[in-house]
Amino acid sequence: MTTDWKTEVNKCSKCGKCQTVCPVFLETGDESTVARGRISLAEALRDKQIVYTDKLRDYVYTCKKCMRCRTVCPSDVDYEVIISALLRGVADEMGIPLLPKIVFRYILPRRILFDLMLKIGSKIQRFIPGKRRGQMRHLPLMFMGKRWIPVLAKKTALKKLRTTRKLKNPKMRVGLFTGCLINYIYVDIAESVVDVLNRMNIEVVIPQGQLCCGTPSSTMGDHKSTKKLAEVNKEVFESQNLDAIVSACATCTKSIKLDYLRTLGPSWQQMSDRIYDISEFIEKYCGDDYKTKPVDEKVTYHDPCHLMWVRGITDEPRNVLKKSADFVDMDMAGSCCGGGGIFTIIHYDLTLKMLERKVNSIERSGADTVATNCPGCIMQIADGFAGKDSKIKTTHSIQILQKALVNGNIDKSV
Amino acid sequence: MKLFKKTEKEINKYQKAFDELLMVLGKERVLSAIEDRICYSFDATKQKALPDIVVRPGSTTDVSNTLRIANKYEVPIYARGAGSGLTGGAVPLMGGIVFDLKNMDKIIEIRPDDFTATVEPGVVTKQLQDEVAKFDLFYPPDPSSAAFSTIGGNVAECAGGITGLKYGVTRDYILALEIVLPDGSVIKTGGRKLRGVVGYDLTRLFTGSEGTLGIFTKITVKLIPKPEKIRTLAAYFRDRDDAIDAADQIIDNNILPRTLEFLDYMTINAVRSYSGTDIDEDVKALLLVDIDGTDESISYEMPIIENACKGSGAFKTKISETGKERDAIWADRRSISPALYNIAPHKINEDICVPRSKIKEALQRIDRINDQQTIYIANFGHIGDGNIHVNIMYNNDPGQEELAERIVNRVMKEVVALGGSISGEHGIGNKKSQFMEFEIPPREYDIMKRFKNYFDPKGIMNPGKMFIR
C-alpha cells in the first residue's frame, strides 16, 4: 500500500503532460507550479542538493492538491505520495506557522473548544459591516482579502441533528460524516442529507464524537494532527455498527475514504470500502427506487476536483440532478473553481482567475442554479457570484433532490 | 545533479551579465534561486544540467536585451518552450541562461482572409489549433505533445506528427519568422503571404535550427480549410509484413490518408498487458487509418481502404461511425506511452525515418539487431511517411543502459544505410549529435557549421547541441 516517494519520483518521465491540466500552471506558466517541477525539487531534496527554504515552501504550498495531474500522467506517477512527503518535509524541517499549529493540535481535536471558537467568531461576525446575498466580507483570523464568505451558523449540524430519527424497518443504517464546513456553516446541507435519506427509508446516524477529516492539517504537512484526527474518527465510526458512511463533501470523502488508508493503514480498508459520496450512495443503493417531481429550475453541475479527478465520480450527481430539475451541462464542468484550503489564502489572485473561468462557464450554461457536491466549491463559487451580484444560486445537489422529493410530496418512496 | 564547475574568471563574467540582466529586465523576469534553476534543468529526455539563471522574457525587446547581454559576456543561452523535447534541446548542458519563452504566449492575429495566423512562440500548439478551428481553419502539424508543447519549440525542432503523410510537418506551414539574433538584432524572414521566392529561404533555415541560430519571437503559420469530417479504420493483421503491404496498397490506390499509423506486436503486447485492450492474442500488427474530407469523399475512399487491408491479409477491420467510436479505436494508440513504461522504467524513443519502400527491411534489420531478445523494442508510428518510433525499453539492471545505447547506435547505422534519416521529427539535440555524421556528409556538415558560425560567432546559442565535431 505505502509507496515510497523517494523511488516514486524516478517514475516521472518529465514529459510535461501535467502542464495540460494543472489549474495553477494554466495561470502561471511557471515550471515551479506544476507537478513535473515539484517532482524535480523532490528529487533534489532526496539527493541532498537543496534544503528546505522559504521559496521551496512557497512552491510546495502552491499546489492545490486537486490531483488532476494524476489523471493524465503517462507514467502513472503517484504524485499524491510525493506532494504529501514534500508538505510533511516542510512541516518537519521548517515548522508550521503558530496559528494553524494551535488550530490543528489543540482546537480541531477538541470539539467543545472548536465549537467555542466558532461561536465567538459567529458573535463577532454580527458586527462586521457589509453583507451581500447572505454573504459577508471578512471572517476574523481565518481569511484575508476581499472574499464574500458565508456566515457561521448559530447552531452546528452536529447539535441540530443530535437525535437519530428512528425508522420502523430501515433499508440501511448509515453514518453521516459532516465535515467542518457543513457542520459550522452549511447546516442545511446536513439537514437535506438526513431528510433525503430518511425519505428513502435509510436511517442516518450522526456520531457526535466525529472531528475534522484532517485535510487542513495534512495540507500543511502536520502528520501528527492528521493521524490523531483520523484515529478518533475511526473509533467513533467503527463503534456505530453502520452499513455505510456518507459524506456530502468531496474533500472529506476523499480524505476519509482514501487518505486514511495511508494514515491508518490496512485496518481502515473495510470501512473505506463502505464510504460514499452522497450522490454515489443514492445511485448505488436507491438507484431507480425513488420518485421525484422535478423542480422548475434550470440546474447545472460543477465537478469538484476531489470527486471527479480523484474518484472519477461524475455521472452519479448528474443522474440525481436529471431526476430533480431541468439539468443542463456546462462546458469545462471539471475545471477547478479555485477553492480549497491554504491556497485560496496565499494565492487569492490566482484563485480569482480560476473562479472567473468557472463563473463564466456557469453563466454560459444559462442555468438558474449551479449545484455541486462540495461545500468548499459552494463557498468559492458563491463568492464569485456575490462579487458580481449575480442572480445565479449556488447549492448542493442533495438540496435540489430534496426539493424535488418535497415538491412531489414524496416520502419513503422506496 | 552536478553543479556546473566554472573557473573564477567565468563566474565573474557571468555575474556581470546577470547584474546587467537584472537591471534591464527586472527581478520578475530573472530567476536565480536554486529552486527555480532546478525546475528548469531538464526536458523530456530526463537529462539534467543546472542553469545559472532563468530568464522569462515577455516581449521581443526583452529577448533582444537578453541576447545582447548574453552575447557581450559570452554566456550560453538555452531557449525553452514547454520543455517537452525528446533530444535534450532545452537542457542547459553548459550552464548559463535558460530562456523560458512560455510567457510569450499571445495569439497576435488570425487572418482567415489570408489563411494565416501570427503567434508568439509560447503559444501551446493545441491552443493555436483550437483557435483557428473557430474560423473553420486548420493548422495540420500535430505532434503527440500538441496539447502541451509550444509552437516555438515545434518550429525549433521542426516537429512532425501523425498527420505528416497527407499534410507534411511544421516546416511546411511556417511562412514568416521574427528572429532575434545573438547580437540582439531583430530580423524578419518571409511574410504573411503564401508565396515568396526571393533570395535564400531563411525561414526554412531557421525552422529546425534547434535554438542554435537565434530565438523566434513571432511566428506566422499557414492555415488550410478545416476538413469537414474524419473517420477512422482499424485493421488487424496476423503478420507484420501484411500490414506494411496494406499501407502500400492504400497509397497505390491514390488515396492519401490523413494518418496511417502502425503498431507492431511488441507495442500491442505492452498495451494489452497495461490496459486490457480487446485486441486478440494473435494480432501481430495493427493499422490505424484516418481519412478526412466530405461525406462523399469519405464514402468513396473508406471501402477502398478497407478492401486494401483485407486484400493484404487483415482478418478484422473496425470503422468508426461517431467521434466516440473514433476515440475508442484510438485509445490503444494513446495508451502506448504508459503501457511501455509499464514494461520498463526507461525508454529511448527514436524517430527514424526511411523511404516508404524500405520500411519492411528496416524493421527486419531492427529485429536482427535485437535477435537475442535481450531488450524490449517496440516499434510503432507514422508508417505512411516511413517515420517509425523505435522504442528501446531498459531497466536499472547493470549494463542495460549501455546495451540500449549500443542498439540505438546500430539502428541509426542501418537506417542511414537504407537511405533513411536518424530523425523524422524530434531533432538532434545532444542525444543524437553523435549520429549526425552517419547521415550528413563532411562537406554538407561543414556548410551547416559555417551557417552556425555566421549567425552565432561566439557560440552562445544552445552549445553542446547538434554539432559536436
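What you see is a predicted model; the values in this text were computed from it and never measured. We name chains A, B, ... by the order of the sequence lines, and we start the count at 1 in each one.
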A.B. asks: Using heavy-atom distances under 4.5 Å, tell me whether A:C12 contacts chain B through its side chain, its backbone, both, or neither.
C.D. replies: backbone
A.B. asks: Answer whether the closest heavy-atom distance between the side chains of B:C39 and A:L41 falls below 4.5 Å.
C.D. replies: yes
A.B. asks: What closest approach, in Å, do B:I38 and A:A44 show between heavy atoms, and which atom pair accounts for it?
C.D. replies: CD1-CB, 3.5 Å
A.B. asks: Kindly compute the distance separating CG (B:N349) from SG (A:C15), expressed to the nearest 0.5 Å.
C.D. replies: 11.5 Å
A.B. asks: Are A:Y59 and B:E35 packed together at the side-chain level, in the sense that at least one heavy-atom pair is separated by less than 4.5 angstrom?
C.D. replies: yes
A.B. asks: Name the member of A:E43, A:Q19, A:K11, A:R36 that forms the most heavy-atom pairs with chain B at distances under 4.5 Å.
C.D. replies: A:R36
A.B. asks: Say you draw a straight line from CG of B:L86 to NZ of A:K14; how long is it, rounded to the nearest 0.5 Å?
C.D. replies: 14.0 Å
A.B. asks: State the NZ-OG1 distance between B:K102 and A:T28, to the nearest 0.5 angstrom.
C.D. replies: 8.5 Å
A.B. asks: Heavy-atom distances under 4.5 Å only: say whether A:N10 touches chain B with side chain, backbone, both or neither.
C.D. replies: backbone
A.B. asks: Any idea which heavy atoms bring A:S13 and B:Y341 closest together, and the distance?
C.D. replies: CB-OH, 3.2 Å
A.B. asks: Report yes if some heavy atom in the side chain of A:K55 is under 4.5 Å from a heavy atom in the side chain of B:D36; otherwise report no.
C.D. replies: yes
A.B. asks: Taking the side chain as everything from C-beta on, heavy atoms only, tell me whether A:D30 gets closer than 4.5 Å to B:Y40.
C.D. replies: yes
